[in-house]
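Throughout, a chain's letter reflects where its sequence line sits, starting with A, and its residues are numbered from 1.
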Amino acid sequence: MGEASKVSRYLYTVIILFVIWLFLTNSLDPQELTMGFVLSLIIAALTYQVFTKYGLSNLHPKRILYTVAYIPYFLWAMIMANLDVAYRVLHPKRPINPGIVEIKTNLTNDIAKLVLANSITLTPGTMSVDVKGDRLYIHWIDVKDPSLEGASKHIGKPFEKFLRVIFHDDN
Amino acid sequence: MTIIEVSLVLIAIATVLSMYRVFRGPTTVDRIIAIDIMTTITTGLMVLFALYYKRAIFLDVALVYAVLAFLGVIAFARYLEGGL
Amino acid sequence: MVKRILAIIFILVIGFWIANALAKVPFGEDKMLVGKYYLENVKEQTGAINAVTAVVVNYRGFDTLGEVTVLFIASTGVAALLWRRREERSAEVDGSLILKTGSRVLLPFIMLFGAYIFIHGHLTPGGGFPGGATIATAFLMIYLAYKEYEIDHNLFEPLEGLSGVSYVAVGLIGLAIGGYFLFDWIWQIWEVGDIGRLLSAGFIPIIYTIIGIKVGTELTGIIDRMIKESKEVEG
Amino acid sequence: MTINEAIGAFLIFTGSLFYVLSSLGLIRMPDVYNRMQTATKSATLASLGVMIGVGIYSPCCFPKALVIALFLLLTNPISAHALIRAAYRSGIPLWEGSIVDKYKEALKEEGEQ
């Protein structure tokens, strides 16, 4: 899927900024709304080229649905991660078995890779060290499978099926 | 003592404990990690203060602090790897 | 060891002096009548609910113009000291893909936060200086992520000059209408806006927007000069 | 105490417990990489808990607290990642008990190109 048109990218940026403005001001005063709208127009004009590549098609209902489904899944993984951390930190013997492994991802979009790396950082026992092309280097606190395929299956796969839809990698 | 006051005390303890790593080191990165964690804790503390003193405007301070703390850590990191 | 004991004794003596000196200061009483005057009249005279902002921009607006000038001189000084022929950036390692993409995604949000801070200067803590600094951090973030990035001086320098001129222009219009520099004609004559809403406090939001843009562009310019100079120092 | 105050207070309390946990992780783990692992995860979840908790406790603050929480959720992993990459590239070795290091080979390949 190629880049969206400039108008679509611009409008998408305006919408996102305006929603953030509504959250920041927390009021429906017409003055605040007007100011926020004008500011969104100005800032979007300055930054839409770097902010988004696909424009309004990001707001497709299917993608929003997957995003909504991703949030509880991610939060659950994060809570598990913290219980895992608690176990490792509070255990008197400090059961760790660290190492840096390499995993392969099928995602091609930069933002999808960013979200994947961030998700990996916040979920049990793993933290992304670097990204090169389609390879991610992961610091794993408890290495179970140092091979490329095994690690990919263990770390990246659960997130990828969501991210592939959310960030246009589904073709 | 309400639960919020207990939480404030816990956060203070967390800050003091992270301070240990700032003093102890042994490498520069250790200290910066400790400072990163301390700034995250401080952001949470500011948000909690907004509730404790019932002044929603403290949240703005927390927002700006979060932005500046992020930039500070990134600057340190890029300096260490020679990207500045 | 002796040194350390001497230092402790010294600190104790100094602490005793300071404690004694401060013990005589009556707390909770007004020493300065002008502060009381500000607090009592700030709402009807300026329309701002943040008294600090009202003092900074309205009562002491002329001093703030001085502060902005100091920043301008600092920026000019950096430019004059670090001026060389066109220098390249000295960065060797490019940021990782995550940092680059992250800074691209965060850029509009940080700029929006900065604008939010300086536009709500009369309602919340903050104002032009922190807002401008936040906007400058957005550009600094791009600088840190991309090793080849450079700002467009042809855009930033006129913007900086324009905002400086408009501050003086606002003051001069006040001089023409009300008889003194930085007279707040919007609040005192037109009486626009309701206290506590966004459109209030006369020209405070306008001046804070001007200061925000000026501080943002100036700090970005300083960052740019400093980052480019580092190549010359290292050889 | 109303029901949303109770939920908010519970979230805030849990969050501050995780703050303490993150600083404990900072103290107890043996090297830079493992410290970062434990500290970042629990500090981020703790901030999320405290901010959502404050939002639920007094609903007027909820949207802004949510914005700060989302901002931290996005920036904390990025700064952790930048720091850890800088740590590796500035030559801090992995803990001696580490069993595998694929990144070293990748960096070597990059150097040869």
Mind ranking S128(A), A81(A), S119(A) by heavy-atom pairs under 4.5 Å with chain D and telling me who comes out on top?
S128(A)

Considering only heavy atoms, which portion of L83(D) lies under 4.5 Å from any heavy atom of chain A: side chain, backbone, both, or neither?
neither

Proximity breakdown for F23(A) and chain D, heavy-atom pairs closer than 4.5 Å:
both

Y88(D) portion near chain A, given a 4.5 angstrom heavy-atom threshold:
side chain

CG on L83(A) to NZ on K41(D), rounded to 0.5 Å
12.5 Å

Short N-O contact, R89(D) and D130(A), less than 4.0 angstrom
yes

Reported NE2-to-CZ distance for the pair H91(A) and R28(D), which is rounded to 0.5 angstrom
9.5 Å

Counting heavy-atom pairs closer than 4.5 Å to chain D, which one of N118(A), L24(A), I138(A) comes out on top?
N118(A)

Who wins among S22(D), A65(D), P63(D) for the most heavy-atom pairs under 4.5 Å with chain A?
P63(D)

Given the options V89(A), I20(A), N82(A), which has more heavy-atom pairs under 4.5 Å with chain D than any of the others?
N82(A)

So which part of L74(D) gets closer than 4.5 Å to some heavy atom of chain A, the side chain, the backbone, both or neither?
both

Distance in Å, H139(A) NE2 paired with D31(D) CG, rounded so as to fall on 0.5 Å steps:
6.0 Å

When you look at OH of Y73(A), are more than 12 heavy atoms from neighbouring residues, nucleotides or ligands closer to it than 6.0 Å?
yes

Between chain D and each of T123(A), L114(A), L75(A), T25(A), count heavy-atom pairs under 4.5 Å; write down the option with the most.
T123(A)

So for atom CZ, which belongs to F18(A), do other residues, nucleotides or ligands contribute more than 12 heavy atoms lying within a distance under 6.0 Å?
yes

With side-chain contact (heavy atoms from CB on, under 4.5 Å) as the test, would you mind laying out the steps for M127(A) and I84(D) before giving the verdict?
CA-CA 9 Å; M127(A) 182 165 58; I84(D) 217 68; 3.8 Å; yes

Quick check on L24(D) against chain A: is it the side chain, the backbone, both or neither that has a heavy atom closer than 4.5 Å?
both

From Q37(D) CD over to R88(A) CZ, what is the distance, rounded to the nearest 0.5 angstrom?
9.0 Å

Taking every non-hydrogen atom, the tightest pair across M78(A) and L73(D):
CE-CD1, 4.1 Å

Under a 4.5 Å heavy-atom cutoff, which of L90(A), L122(A), I79(A), D84(A) has the most pairs with chain D?
L122(A)

